[in-house]
Amino acid sequence: MPELPEVQTTVNGLRRVLPGQKILNVWTDLNTKDKRKRDTVANPKYFSGFRKKIIGKKIISVTRRAKNILINISGEQIILVHMKMTGHLLYDHCDHGNRFIHVIFTLSGGKRLAFCDARKFGKITLINAGELDTSKHLRGLGPEPLEKSFDLHKFIQVLRRRPGAPVKTALIDQSIIAGIGNIYSDEILWAAGVHPQRKIKTLKPTQYEKMFLVMKTILKKGISFGGDSVSDYRNPAGRRGHFQLHHRAYQRTGKICSRRGCGGVIMRIMVGGRSTHFCPRHQK
DNA sequence: ACTAGCCCCTGGGAGC
DNA sequence: TGCTCCCAGGGGCTAG
């Protein structure tokens, strides 16, 4: 469940080691006929072209947009990596016994960059830099929640584009705000004291303000803990993040709410097809 | 135009 | 011990 903080943690790790290196080779064992993966290295036909286009190219920088890792290479091209549910990138920590490694880039510095993904949902594709924002991979994404320019006014404005949606559904909608997923949305709503099924149009100004503030602090907290490894996420060095040790709602079903003086019991319900954890006592 | 729901995939945990 | 069933959920896609 890599979300913004996990993707940022990976980017922070990679941008210290990748820039300046050349890509010497790339290997994959992925092989699919799924037409949804037509434009990824999982498609053998695409992979041979991908391989030709990136070999010999130099890595310039590593950035992030929403939950996508963008590896900018020479020749005005970008390798886009989406980790989806269980994916992660490993730098110089790809041991041969790891059967979940599906893509390996050999680099000029003598180290390797590997894409590890137990469930093979992840995506690796190549985009021309000039077409990045209009590509189907990034087109339609909402604003970055941690940008300074993303203020309370814009927060309210984008959420109100889905007036009838439950607030939980709106928060994880990538076209509304980019980068929030199931874990951080539950944590944001717990901290804001907002019920996940509350409809956007019924939110009070004070609730918007509280949600906005805790959204920024919780996402930053996620980054400062090196992401959340409740599931498969690992940083480029193969190590776990620690945000999972600080969950207040996510996967705490049946536990006493840790808000001081609350005493509620965390519940799990389905909202918009996603399991949702919240405290029915203090989240209104 | 919108949304609900299925599907991709496989490990891990629960239940028997 | 080992089998089966269910759950995890980002996001593409389709049917309504």
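Chain naming here is simple, since letters A, B, ... match the order of the sequence lines and numbering starts at 1 in each. The figures that follow rest on heavy atoms only: side chains count, while hydrogens, waters and symmetry mates do not.
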| task | Quick one: list whatever passes side chain to side chain contact (heavy atoms under 4.5 Å, CB included) with H282(A), sequence neighbours left out. | result |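 Partners of H282(A) by the side chain to side chain contact (heavy atoms under 4.5 Å, CB included) criterion, ordered by chain and then number, come out as W190(A), C257(A), R259(A), C262(A), C279(A).
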*asked:* Here's a test of your reading of the structure: between K120(A) and T169(A), which maps to the more 5' nucleotide of DNA chain B?
replied: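 The residue whose closest nucleotide sits nearer the 5' end is T169(A).
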Check whether any side-chain N or O of [X] sits under 4.0 Å from OP1 or OP2 of [N], and answer yes or no.
| X | N | answer |
| --- | --- | --- |
| Q174(A) | dG11(C) | yes |
| R162(A) | dT3(B) | yes |
| K67(A) | dG11(C) | yes |
| S275(A) | dA8(C) | yes |
| H82(A) | dG10(C) | no |
| R99(A) | dT10(B) | no |

Got a list of protein N/O to nucleotides 5-8 of chain B N/O distances below 3.5 Å?
from: dC7(B); atom 1: O2; to: R36(A); atom 2: NH1; distance (Å): 3.3
from: dC8(B); atom 1: O4'; to: R36(A); atom 2: NH2; distance (Å): 2.8

Side chains of [X] and [Y] in contact at under 4.5 Å (non-hydrogen atoms):
| X | Y | answer |
| --- | --- | --- |
| F278(A) | L189(A) | no |
| L141(A) | N68(A) | yes |
| M270(A) | S275(A) | yes |

message = Do the side chains of D39(A) and K136(A) get close enough for a salt bridge, i.e. N-O under 4.0 angstrom?
response =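 Yes, this pair counts.
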Nearest whole angstrom, please: distance from the [atom2] of [N] to the [atom1] of [X].
| X | N | atom1 | atom2 | result |
| --- | --- | --- | --- | --- |
| I177(A) | dG10(C) | CD1 | P | 15 Å |
| L4(A) | dG10(C) | CG | P | 13 Å |
| H277(A) | dA8(C) | NE2 | C1' | 10 Å |
| D117(A) | dC9(B) | CG | P | 12 Å |
| M85(A) | dT10(B) | CE | P | 14 Å |
| D39(A) | dG12(C) | CG | C1' | 12 Å |
| H102(A) | dC9(B) | NE2 | C1' | 10 Å |
| K123(A) | dC13(C) | NZ | P | 9 Å |

Could you go through residues 10-27 of chain A and list every donor-acceptor pair under 3.5 Å that involves a side-chain atom there, pairing it with any protein atom two or more places apart or in another chain?
from: T10(A); atom 1: OG1; to: E6(A); atom 2: O; distance (Å): 3.4
from: T10(A); atom 1: OG1; to: Y233(A); atom 2: OH; distance (Å): 2.8
from: N12(A); atom 1: OD1; to: Q8(A); atom 2: NE2; distance (Å): 2.9
from: N12(A); atom 1: ND2; to: Q8(A); atom 2: O; distance (Å): 3.4
from: R15(A); atom 1: NE; to: V62(A); atom 2: O; distance (Å): 3.4
from: R15(A); atom 1: NH2; to: V62(A); atom 2: O; distance (Å): 2.9
from: Q21(A); atom 1: OE1; to: G109(A); atom 2: N; distance (Å): 2.9
from: Q21(A); atom 1: NE2; to: V17(A); atom 2: O; distance (Å): 2.9
from: Q21(A); atom 1: NE2; to: Y91(A); atom 2: OH; distance (Å): 2.9
from: N25(A); atom 1: OD1; to: R51(A); atom 2: NE; distance (Å): 3.2
from: N25(A); atom 1: OD1; to: R51(A); atom 2: NH2; distance (Å): 2.8

| Do we see a donor-acceptor contact under 3.5 Å between the side chains of D186(A) and H247(A)? |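 The answer is no; no qualifying pair exists.
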Listed partners of F212(A) passing ring pair (Phe, Tyr, Trp, His ring centres under 6.0 Å), at least two apart:
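If we apply the ring pair (Phe, Tyr, Trp, His ring centres under 6.0 Å) test to F212(A), skipping adjacent residues, the hits are F155(A).
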Pairing string of DNA chain B (Watson-Crick or G-U wobble, both atom distances under 3.5 Å; | = paired to other strand) is .|||||||.|||||||
Listed pairs under 3.5 Å, donor-acceptor, residues 73-89 of chain A side chains, sequence neighbours left out:
from: S74(A); atom 1: OG; to: K58(A); atom 2: N; distance (Å): 2.9
from: H82(A); atom 1: ND1; to: K84(A); atom 2: N; distance (Å): 2.9
from: T86(A); atom 1: OG1; to: D117(A); atom 2: OD1; distance (Å): 2.6
from: T86(A); atom 1: OG1; to: R119(A); atom 2: N; distance (Å): 3.1
from: H88(A); atom 1: ND1; to: D232(A); atom 2: O; distance (Å): 3.2

- Task: Consider the side chain of K84(A), meaning its heavy atoms from C-beta on, and name the nucleotide among dG11(C), dG11(B), dC9(B) that approaches it most closely.
- Result: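 The answer is dG11(C), which lies nearest to the side chain.
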Determine whether more than 12 heavy atoms belonging to other residues, nucleotides or ligands lie under 6.0 Å from atom NZ of K52(A).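 Atom NZ in K52(A) is not crowded, with 12 or fewer foreign heavy atoms closer than 6.0 Å.
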- Message: Work out how far the P atom of dG5(B) is from that of dC7(C), and round it to whole angstrom.
- Response: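 Here dG5(B) and dC7(C) have their P atoms 16 Å from each other.
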Checklist entry - Reckon R268(A) touches a base, only the sugar-phosphate, or nothing at all at heavy-atom distances under 4.0 Å? => result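 Result for R268(A) = sugar-phosphate.
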